Amino acid sequence: MMSKSRILVSANPGSGKTEDLSNQVSKLLQDGVDSDNILCLTFTNKARDEMERRIILKIKDTKYKVPDIHTFHSLSQSIINHRMEGGDLIPERFLRYQILKSLETRQIMNYDGEVLSKDYPAIVNVGQIVNAIKFLKSFAILPDKVHIEELKKNVRMEYNNGNGVNGYTLEEMEILCEGFLDIFRDYESSKNLSQMDYNDILLRAVNYSKAHFNKYQYVFVDEVQDMSEIEYELVKQVGENVYAVGDMKQAIFGFQGGNIRALRDMMSGKDFEKRVIDGTRRLPKNVVEYCINFYRTHEPEELSPELDHFRSMNEKDGVVTLIRLKDKGDMIDAVTEILNKQNNDESVGIIVRTNEQANDLSDSLTLKNISHQKISGTKGEKLWREEISKFIGGIYGTSDSIIGMIYSIYSRIPLYDGIQIAERMRFENDLKKVLPRELIDIREKYGNHKNQLLQLFNDYIIPNSIALGESAFEAAKDVFDSLPMFLDRFGTGEEYSLASLQKYILQENSRDSVDEISEKVCIITVHKAKGLEFDHVIYIPKYTEKKNISAIDLIVDSILKSNNLSYSRDERIKEENRIDFVALTRTKNSLDIITEKKSSTRYDLEPCKKIDFTTKIVNNEFVSMKDISDREKLKLNFKPWIRDYLKKKMEKLNNLSFTMLERVKELDKFVESYVLGIQTKSSALTFGSDIHSYIENYIKSHETPPIMNDEKLTRTWSNFISYDKYVREIQKGKWLGSEMKFKQKVSNVFPDIMTNITVEGRIDGLYKYIEGNTEKTVIVDFKTSKKVNRDYVNQLSLYAKLFSLENKIDMEQIESEIAYLSLRDTKVNINRIEKRWDRIDPTIEMRALEDVKKTVEKFVNYKLSVDSMIRDILSVRNTESNVFIEFQKMLKMEMENS
DNA sequence: GCAATGTAGGTTTTT
DNA sequence: CCTACATTGC
């Protein structure tokens, strides 16, 4: 083989890449090359095992030793170990937590930790930054290679060319650039010498092998199209002769640094001898034709000479079917119908684009009793981490967090008992009198979260997780494994707190998946399906055309650019085509593509059969695995109580507040706060109440607040001072009071609502001024919200009405004003906190009062007819509250069984 | 016909 | 989280 030292083999899907590699290896051995001089490299452990299996098969009857077969990471690890520089792999949770901490303490964004941990794509969040850091490091870019002025210049250029980021001003972006660099630095310096992330392993190996490392004579690389810049570097350093096999059309790991540029260079340059493997054994004729057509249609510019060699050596014709759904909800029925037609002995791969799709589909198939396997991602464990966090919160915390713990699944308290306990806790200070004995014991025994945390996991959380099922156990074990590193790093000093521990626990982690395919029907993402084949494939794509670049992507692109590297937006679109190509080429027989009709044109190519599918069954309600098992359990001892409880609870609620009214519009929150008694306090709330009490003291007794060392507090306060100036000097007004409570009968406020309940409001500030000959009274509500919100008008309209009734002043003489003291109209914290005061227009105010009236009516109706409330509770979707879901589920069952 | 309300979507993929 | 667009209600 090695007439020339570097060979690049282009191999179409199913053409026998691994087979070719193992053949070449055994040929070398037969030619007398020593095993020790040969190295095989793969990307995944799975591929490594497969390669080993094939080679052993080839040489099993010979005297040859199996050569080194490594993944890129295991090779790197062995190089590092060789240099006595071994280290610990840092859990990704650590990485994420570190980033969250930097984002928060440096106040880079105008959001608090909870929001920054979620993946709202419009907001620069932890997930985006993790990806960015990993991506940059795959190009060997560390903070010292980020030149801030260059970076900003590139960003400015994009903005000047009209390629800015939606929702971010140039000013924000420039500040964000600095923020990103700070976070990157924080992250790198947070690790000690022995701690490494995946990219550190490669980076260190490259550096060490540069110094000196015994080269292998021959290096074989599988899936060469997925190689990142540093992996390419490593190959060049460890091997003299290179035999690389890959397929550019299957490069789908660009997000991970998979660098098509390296492959393009190899293909176009003269360093490598180019070869192509002929034919495909896997794919039947029609599928091959379809796939060629697909690639040529969507990538007309791409030179892919190996496509001319993409010929089926499979005697079957095969068939491609495009199933066009009228409605997205029909998908499960389409899948079911296809599965029902399958031969039970043959394997079916249901290939999806995202883990979320995989989870949803798997749950639906379970509901239909269709046995299958889901090769899962790691994102399904969020719920369990939340439950662990809530439980720990109550074990180590006080008051409100104990109520949270009572409702957590780990307390093992049934919902009914939980409600009773939460109720009693409001009047009873002695926990021993209300909490179950076991929880009291746990609080006492493991009461110190610094020292007994791991023991608590050992003794209680992990055993209980086992009882809760596999995914609960996986989640708990995963959290447990990553705790020592947290305690070691952050467990000392002032920054250690229950809150920081909970933040750490709530972060996602990525783990190696070890799933082997064992079922005939298998749900799998495209990326995991790479390298696999099935008798039949059902592909459910999720293709989205529109691509607005995100803030963090622009920064990453600009950093690459200033390092003379590039990963263009075009490349992102091309990768999407390749992802489809990989999915389409996994089948040995038939290929079914299921897509919504409106987005089907992309796949409407010859040769394919087209079917328009509409389901006969209408009901496609989402129910999760957990629901099913719980339901079964609950049916065993079922005693209806929720309806009565809700009724009683509603009967007791006889005094409305504005917050309560707001919650009526979001019943999940209403149930949480007023039925279950769970009060959540956010940092925004603390901030708001601090400011409000400063203002109260100032208005009532001219007290000035204590020295503030918080930027946001200081600026907000200074905004209040300018408002005060405006009131006294411009309006010539006089403060009359602050924090004044008013209470009225609802039937006084809204005469056509027949009820005995009352409504209450608290006015933040009140002043009067003279206009012409009339005295005007202004009621003021101070807001520390980031944004102007038109709902506030409703609140003020109600308060104005309450005030006019209480003081028998005509509504005409009352004006209301919203004073925003802490407006931040940007996503990035540009260190500016704006102010504005809105005098409310009387006509708008009247309309707003009508709005309030509707909500009050709704509330009164709920009190009168608990069944109408139940109906609405049952129709709530998309809630984030686990307890509410539990409540809803129980209620539903109760209603169905009564 | 317009306002109020609901909901999708903003990629996402993983050694 | 925030916006844009679709659907529903009066």
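Order of the sequence lines fixes the chain letters, A, B, ..., with proteins taken first and strands second; residue numbering starts at 1 for each chain. Everything quoted here is computed from the prediction, not taken from an experiment.
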Colleague: Please tell me which of the listed nucleotides, B/dT11, B/dT13, C/dC1, lies nearest to the side chain of A/Val115?
Modeller: C/dC1
Colleague: For A/Phe72, answer base if it contacts any base atom (sugar-phosphate contacts may also be present), sugar-phosphate if it contacts only those atoms, and nothing otherwise; contact means non-hydrogen atoms under 4.0 Å.
Modeller: nothing
Colleague: Honestly, is A/Lys236 close enough over A/Tyr232, meaning NZ or CZ under 6.0 Å from the six-membered ring centre and within 45° of the axis?
Modeller: yes
Colleague: Could you tell me the separation between the CG atom of A/Asn125 and the P atom of B/dG9, rounded to a whole number of Å?
Modeller: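 Whole-Å distance recorded here is 19 Å.
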Colleague: Looking at A/Tyr120, I'd like to know whether one of its side-chain N or O atoms comes within less than 4.0 Å of OP1 or OP2 on C/dT3.
Modeller: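 Negative; the distance criterion is not met.
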Colleague: Among C/dC2, B/dT11, B/dA4, which nucleotide has an atom closest to any side-chain atom of A/Tyr111?
Modeller: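 Shortest atom-to-atom distance from the side chain points to C/dC2.
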Colleague: Check the side chains of A/Gln795 and A/Lys783 for a donor-acceptor pair under 3.5 angstrom, ignoring hydrogens and angles.
Modeller: yes
Colleague: Among B/dT13, B/dT15, C/dC2, which nucleotide sits nearest the side chain of A/Gln256?
Modeller: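 The answer is B/dT15.
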Colleague: With nearest nucleotides of DNA chain B determined for A/Lys665 and A/Asn131 from heavy-atom distances, which residue corresponds to the more 5′ nucleotide?
Modeller: A/Lys665
Colleague: Rounded to the Å, how far apart are A/Ile540 CD1 and B/dT13 P?
Modeller: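 In whole Å, B/dT13 P lies 15 Å from A/Ile540 CD1.
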Colleague: Does A/Thr525 put a side-chain nitrogen or oxygen below 4.0 Å from OP1 or OP2 of B/dT14?
Modeller: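 Indeed, a polar side-chain atom of A/Thr525 lies that close.
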Colleague: Please answer whether the main-chain N or O of A/Ala251 pairs with a side-chain N or O of A/Arg578 as donor and acceptor at a distance below 3.5 Å.
Modeller: yes
Colleague: Counting side-chain heavy atoms from C-beta on, which of B/dT14, B/dT11, B/dT15 comes nearest to A/Phe253?
Modeller: B/dT14
Colleague: Would you measure the distance from the P atom in B/dT15 across to the matching atom in B/dT11 and give it in whole Å?
Modeller: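 Result for the P pair: 23 Å, nearest Å.
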Colleague: So, does A/Asn199 use its side chain to make a donor-acceptor pair with the main chain of A/Lys137 at under 3.5 Å?
Modeller: no
Colleague: Starting at CD of A/Glu850 and ending at P of B/dC2, how long is that distance when rounded to a whole Å?
Modeller: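 In whole Å, B/dC2 P and A/Glu850 CD are 21 Å from each other.
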Colleague: Rounded to the nearest Å, what distance is computed from the CD1 atom of residue A/Ile351 to the P atom of nucleotide B/dT13?
Modeller: 15 Å
Colleague: Rounded to whole Å, please give me the gap between CZ in A/Phe255 and P in B/dT12.
Modeller: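 That distance rounds to 13 Å.
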Colleague: May I have the distance from A/Asn577 (atom CG) to B/dT12 (atom C1'), rounded to whole angstrom?
Modeller: 15 Å
Colleague: Contact class for A/Thr354 vs. all strands (heavy atom < 4.0 Å): base, sugar-phosphate, or nothing?
Modeller: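 Answer is sugar-phosphate: A/Thr354 comes under 4.0 Å of backbone atoms only.
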Colleague: Below the 4.0 Å mark, does B/dT13 have OP1 or OP2 next to a side-chain nitrogen or oxygen of A/Lys528?
Modeller: no
Colleague: Looking at C/dT3, I'd like to know if its phosphate oxygens (OP1 or OP2) sit under 4.0 Å from a side-chain N or O belonging to A/Asn166.
Modeller: no
Colleague: Counting side-chain heavy atoms from CB outward, which of B/dT11, B/dT15, C/dC2 is closest to A/Tyr198?
Modeller: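 The nucleotide sitting nearest to the side chain is B/dT15.
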Colleague: Atom CE of A/Met109 and atom P of C/dC2: how far apart are they, to the nearest Å?
Modeller: 10 Å
Colleague: Base, sugar-phosphate or nothing for A/Lys134? Non-hydrogen atoms, less than 4.0 Å.
Modeller: base
Colleague: Under the 3.5 angstrom rule, does the side chain of A/Thr585 hit a backbone N or O of A/Phe581 as a donor-acceptor pair?
Modeller: yes
Colleague: If you check the A/Ile123 side chain, which of C/dC1, B/dG10, B/dT13 turns out closest?
Modeller: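 So the side chain of A/Ile123 is nearest to C/dC1.
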Colleague: Figure out the CZ/P separation between A/Phe135 and B/dT14, and round it to whole Å.
Modeller: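 It works out to 17 Å between those atoms.
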Colleague: Is it true that the NZ or CZ of A/Lys134 lies under 6.0 Å from the centre of A/Tyr198's six-membered ring and within 45 degrees of the ring axis?
Modeller: no
Colleague: Take A/Asp851 and A/Glu92, find for each the nucleotide of DNA chain B with the closest heavy atom, and name the residue whose nucleotide sits nearer the 5' end.
Modeller: A/Asp851
